[in-house]
Amino acid sequence: MHTRKRIHRFVRLGVCLASAIGWPFVTGSAGIAQAAEPAPSDQVVVVAGQLHMALGKTEQGLRVLSLTDTAASRQLLADEALPLFTATFRDTQTKEMLTVDADSGWQQVEASPIGEPGRYALTFGMPLDDRLKGIRVEIDIAALSEENALSWDLRVDNRNARWGLWRVAFPVVSVRDLGADGRVFLPMLSGLELAGLWSKTYKRGGTYPSGWICMQYLAAYDKTARTGLYVGVHDPWGSTKDIFGESRPDHQAVILRFEHPVANMGRAGAGFNLPGEARWQLLRGDWFDAAQIYRAWVRRRALWWPPLGHEGREDTPLWMRQLPAWVMTGGAASDCVPRVKSFAQALDLPVGFHWYNWHQIPFDNDYPHYFPAKEGFAQGVADLKAAGVHPMPYINGRLWDTHDKGAANWQFANTALASATKDEQGEPYIETYNSKETDGNSVKLAAMCPATPLWQEKVREIVLRLFGECGVSGVYIDQVAAASPRLCFDAAHGHDLGGGHWWTAGYWAMLTAIRRAKPADRMLTTECNAEPYIKWFDGYLTWHWQNQDMVPAFPAVYGGAIQMFGRAYRGGPSQDLAGRMKAGQQLVFGEQIGWFGPELIERPESGGFLRDCIRLRWRLKEYFYKGQMARPPRLTGPIPTVTADWQWHGEWPVTTDAVMTGAWRMVNWREVKENRTVLLFANVSDEGYCGPVQFDPSEYGLANPSFTAVAIGADGTKTPITIRPDERPTLTIAPRSVLAWELAPAQSN
Ligand SMILES: [Zn+2]
């Protein structure tokens, strides 16, 4: 545990920068602010515990001059800082764009303390450009000393009759090179932790919420020096926003950027009120510590955080919470049912079955007319359920084929078009995938607007029919937590135009109605892992977690709140190693293992390992649905790496450690004696491994040395192991094997 040193507040108050003429221009290179030295009179220093921020006047604006970790004596802000905010306006008549930012263009700028200590108001008024008359930006800052954090609010007040606000970039923080141990965290896939970003050109990110940008925080840090910065937008509605990490090697900077397409964008009078708060916080640790900051917020405030009981998600059927494995194939019952049954028999455990192409229409074609099902579907479902398999058919939750009866238009133009998402010209947003119409043309699918009653009711009708007529255990509703919001401008839909949070709210309404009507023993899943739908789904398909440098940040935030399942397992010359890497990673990340074709489990070079992952997960299942992720233990010896082609898009080499680690903790908060933690190890390689394991028992609520440890194998064998105080225990793990160490307070045994 890090001890926080309380630093006495030394805020310099009362600096009003309004209408000051002839102020010196202050550059962004402020060096290390020393708490003992007075700040220049043209600066405001905001003190948030050990995080000190200096703000200073520019010619016609205000900028952040420094951002200092006073405990580590480290300057975190890059020399060339970027404007605190950038606002783009559009002329309602000519569509011309105009951009203003915090650095310049304002005749009236103020930074002053307000009310209680640690609170400041920044105002930017009277734009120099006469065309923007009536526009004003107000920022509130609250210094949170206990957390070494700054909480920000931002409003754009628009009383201009002609110019409508279009987009706002805020916050934008330029972090200086944190050295050889510097890392950048991006909320992509399960989470990415990237090294060396300051010295190479890099830009990754995109539109949130989506499967590729799943959470609303970024971080840059040096774990060894225990310094760094967490930058988040804690927006409880999950509004549409672009989130990017971008390097500028020539400036030794990495930029952490949030950008908001605003509600009713471009309309006269359109302004902006930052949803929730933006937060800059000192980060003393790594991706796991950043995840804890975000998790603490989502538990308190996020509208998608589900109710959790002693048994975890009690609104998810128990069988789904416990499921250890998934198989994925499809087609007519006569073809797939026997194969899936043999898979389940080989495992002798409950199995989920993702059933594709159960419908007569081709895949990605003639949607959403899924009925009638192929012959024997309902009977196949019944047979599988009798064999311990939980069938979950595929449907799409977003697309309507514009030629929805073969190559002909059947219901699209008359029924669906009015409820499709549309651009500003009123044209529907059309998407194409690999599917072809009977005439050879690509199938053109319209992205339906989730705010419309027509689409909400259509999806509900299909899902309830699958439950009612076919008896399926679950329904997979494709794309909902994968595809980013479309900026829909159809005023007839009744939602804010373009940006805002109407997109998530539309799905929430759709899914609330479905959950209310569905039988309690059935469940719903969707594609990928955009966070703001968690409360309305039981499972998220993590098939796209296929990258180098992944860390389990999403499981660290949401473990226990949603069941995760289903990596894509692919072929190729190194498919057995790739399969072991994926399964091992799934085990330590807390995912249900799979999904693979029924025959994969029989492969001589990987099938045994997959079975062991499934069996060990089954033994430890309570940890994953009742517990939460804890900090993974670290192997301190030299760890070999392995590389295989994961075949995500073409050839796709991924390198990981040969031995993966994870930790899950089960805490019954009312009865501390039930505190238990399991450390997971997966050796995916062909070589045995022996080396020391580093972990801090106090992280798991255990006082060293008064805890017990038992090694658990995939076959269920339990071996007590001795962990001496102040000695790193040694892990010995055979090639292609998995192992768990269960730790518990000594008095409970
Ligand atoms: Zn719409």
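Both ligands and their constituent atoms are indexed starting at 1 by order of listing. Keep in mind that the numbers below use all heavy atoms, side chains included, and drop hydrogens, waters and symmetry copies. Sequence positions, counted from 1, serve as the residue numbers for this chain.
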Applying side-chain contact (heavy atoms from CB on, under 4.5 Å), can you list everything that pairs with Arg465, at least two apart in sequence or on another chain?
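Arg465 satisfies side-chain contact (heavy atoms from CB on, under 4.5 Å) with Phe371, Glu469 once adjacent residues are dropped.
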
Output all residues satisfying side-chain contact (heavy atoms from CB on, under 4.5 Å) with Ala483, sequence neighbours left out; order by chain, then residue number.
Arg398

Is it true that Trp287 and Phe185 have ring centroids separated by less than 6.0 Å?
no

For residues Tyr558 and Tyr540, establish whether the separation of their ring centroids is below 6.0 Å.
no

Mind checking how many protein N/O/S atoms fall short of 2.8 Å from the Zn ion (ligand 1)?
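Of the protein's nitrogen, oxygen and sulfur atoms, 4 lie under 2.8 Å from the Zn ion (ligand 1).
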
Give me the one residue out of Thr86, Asp242, Thr88 that meets side-chain hydrogen bond (donor to acceptor under 3.5 Å, both in side chains) with Arg167.
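The residue from Thr86, Asp242, Thr88 that satisfies side-chain hydrogen bond (donor to acceptor under 3.5 Å, both in side chains) with Arg167 turns out to be Asp242.
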
With sequence neighbours excluded, residues passing ring pair (Phe, Tyr, Trp, His ring centres under 6.0 Å) with Tyr533:
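Tyr507.
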
